[in-house]
*Asks:* 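Sharing a structure here in structure tokens format.
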Amino acid sequence: MQFRGETVPKSLLVAACLTWFAASLPALDNGLAKTPPMGWNSWNKIGCNVNEDAVKKAADAMVSSGMKDAGYQYIVIDDCWQVSRDADGNIVADAKKFPSGIKALADYVHGRGLKFGIYSDAGTKTCAGRPASRGYEFQDARTYAKWGVDYLKYDWCNTGKENAEAAYSTMRDALAATGRPIVFSMCEWGTAKPWTWAAPVGNLWRTTTDILDRWEGKGKDYGAGAITIVDMNAGLADYAGPGHWNDPDMLEVGNGGMTPTEYRSHFSLWAIMAAPLMAGNDLDAMKPETGEILMNKEAIAIDQDPLGKQGKRVRHANDQDIFVKPLADGGVAVTMTNRGKDTQTITLNWADAGLPAGKSVAIRDLWQHKDLGTFKDSFSAPVPSHGTVMIRMK
Ligand code: GLA
């Protein structure tokens, strides 16, 4: 087949058409998540030990630490809050861990000026073996709305032969039927390529396996380190946009498994990929260096830029990754990551960023919080091993 004078394999054209079609699907019409959701989720740090006190402390700390002012909003309880169903089929929360009940906890979170999220699963049981929502979608959605839930993370364990698009669409409809605005976070791990069909279904969809608190590599059974997750999410930029985001999983910043340099890279790369920013650390006992990363307002502004473009990877060679993200003000954000073992100088040529050679560009460093001056054809910076230089170009 001929395309602009070149011979192109038919399969490639079909794939390109499918990508275009999927990337232009109408987004879920619930008016939510116009920029990637920001908040805190209980799973990465406390897993199944989640309880009422921990959630209240997270809400308090989100306010007192300045996270709320920096844009974080949702407090989400992940798996293990639920124990059974009552005689009428209503989902029952663990009364030992949540003695005041979920409604009271949601009120508490709302009282701090924050929003409240909860977790369920499309199968017969959640990933931790708790009762899930299959067959109870509308009933559960009504319960969540009654409790004041603003965000639902919906997992994919124990789903057998269920069809992902159908199952997630059922819960989307159930949430819509409540009349309450509820962000719908799909956690299907990218198995059925949700980016190709889920824009009209969810506000965000996981694109990868679970993140592990380490720089790279895959876990024995599942999971992957931050930079390995980046490799899985980097090619999906065309599918993201306001109201419908690729979700490369939650943040591990501050959990101890990576160096501060690696955590800065993790955060920079999530921001340039317009990823949801769900902190997963203990907000109540946060080291200053962790707070500096999670509350870097200049990096957050790149993530939350209203144009809503996911940055694209334009270089992935010689242990160098460069991402470029167009911004609403006509500028461009760039990350330059050194994946190697030694410090190296990375050079961004204007052509990498889609800019004409010779153009004068003002550059600001978003970790040094410093204007670096005006550059004409290229910009070079030394980058430490596993580090990232993040800049904004005007
Ligand atoms: C799955 C999800 C995680 C977390 C756990 C809870 O592994 O991908 O994010 O929700 O289940 O059991």
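The chain is numbered in sequence order, starting from 1. Counting convention: from 1, in listed order, for ligands and their atoms alike.
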*Asks:* Taking salt bridge (Lys or Arg N to Asp or Glu O under 4.0 Å) as the definition, give me every residue that meets it alongside E262, ordered by chain and number, with sequence neighbours left out.
*Replies:*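 Salt bridge (Lys or Arg N to Asp or Glu O under 4.0 Å) list for E262, sorted by chain: empty.
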*Asks:* Hey, can you tell me if F267 and W367 have their rings parallel, tilted or perpendicular (30° and 60° cut-offs)?
*Replies:*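 Ring orientation, 0 to 90° scale: perpendicular.
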*Asks:* Within a 6.0 Å radius of atom CG on D29, are there more than 12 heavy atoms belonging to other residues, nucleotides or ligands?
*Replies:* no
*Asks:* Going by side chain to side chain donor-acceptor pair (under 3.5 Å), name the pairs with one or both residues in residues 270-283, residues two or more places apart or in two chains.
*Replies:* none
*Asks:* Can you find a side-chain donor-acceptor pair between N246 and Y239 that sits under 3.5 Å?
*Replies:*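 No, because no side-chain N or O of N246 sits under 3.5 Å from a partner of the opposite role on Y239.
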*Asks:* Are there any protein N or O atoms under 3.5 Å from the N or O atoms of ligand 1? List them with distances, or say none.
*Replies:*
| unit_1 | atom_1 | unit_2 | atom_2 | d |
| --- | --- | --- | --- | --- |
| ligand 1 | 7 (O) | D210 | OD2 | 2.7 |
| ligand 1 | 8 (O) | W189 | NE1 | 3.0 |
| ligand 1 | 8 (O) | R206 | NH1 | 3.2 |
| ligand 1 | 8 (O) | R206 | NH2 | 3.4 |
| ligand 1 | 8 (O) | D210 | OD1 | 2.5 |
| ligand 1 | 8 (O) | D210 | OD2 | 3.4 |
| ligand 1 | 9 (O) | K153 | NZ | 2.8 |
| ligand 1 | 9 (O) | R206 | NH1 | 3.3 |
| ligand 1 | 10 (O) | D78 | OD1 | 2.7 |
| ligand 1 | 10 (O) | D78 | OD2 | 3.4 |
| ligand 1 | 10 (O) | K153 | NZ | 3.0 |
| ligand 1 | 10 (O) | D155 | OD2 | 3.4 |
| ligand 1 | 11 (O) | D155 | OD2 | 2.8 |
| ligand 1 | 12 (O) | D79 | OD2 | 2.8 |

*Asks:* For K312, enumerate each residue passing the salt bridge (Lys or Arg N to Asp or Glu O under 4.0 Å) test, keeping only those at least two apart in sequence or located in another chain.
*Replies:* D238
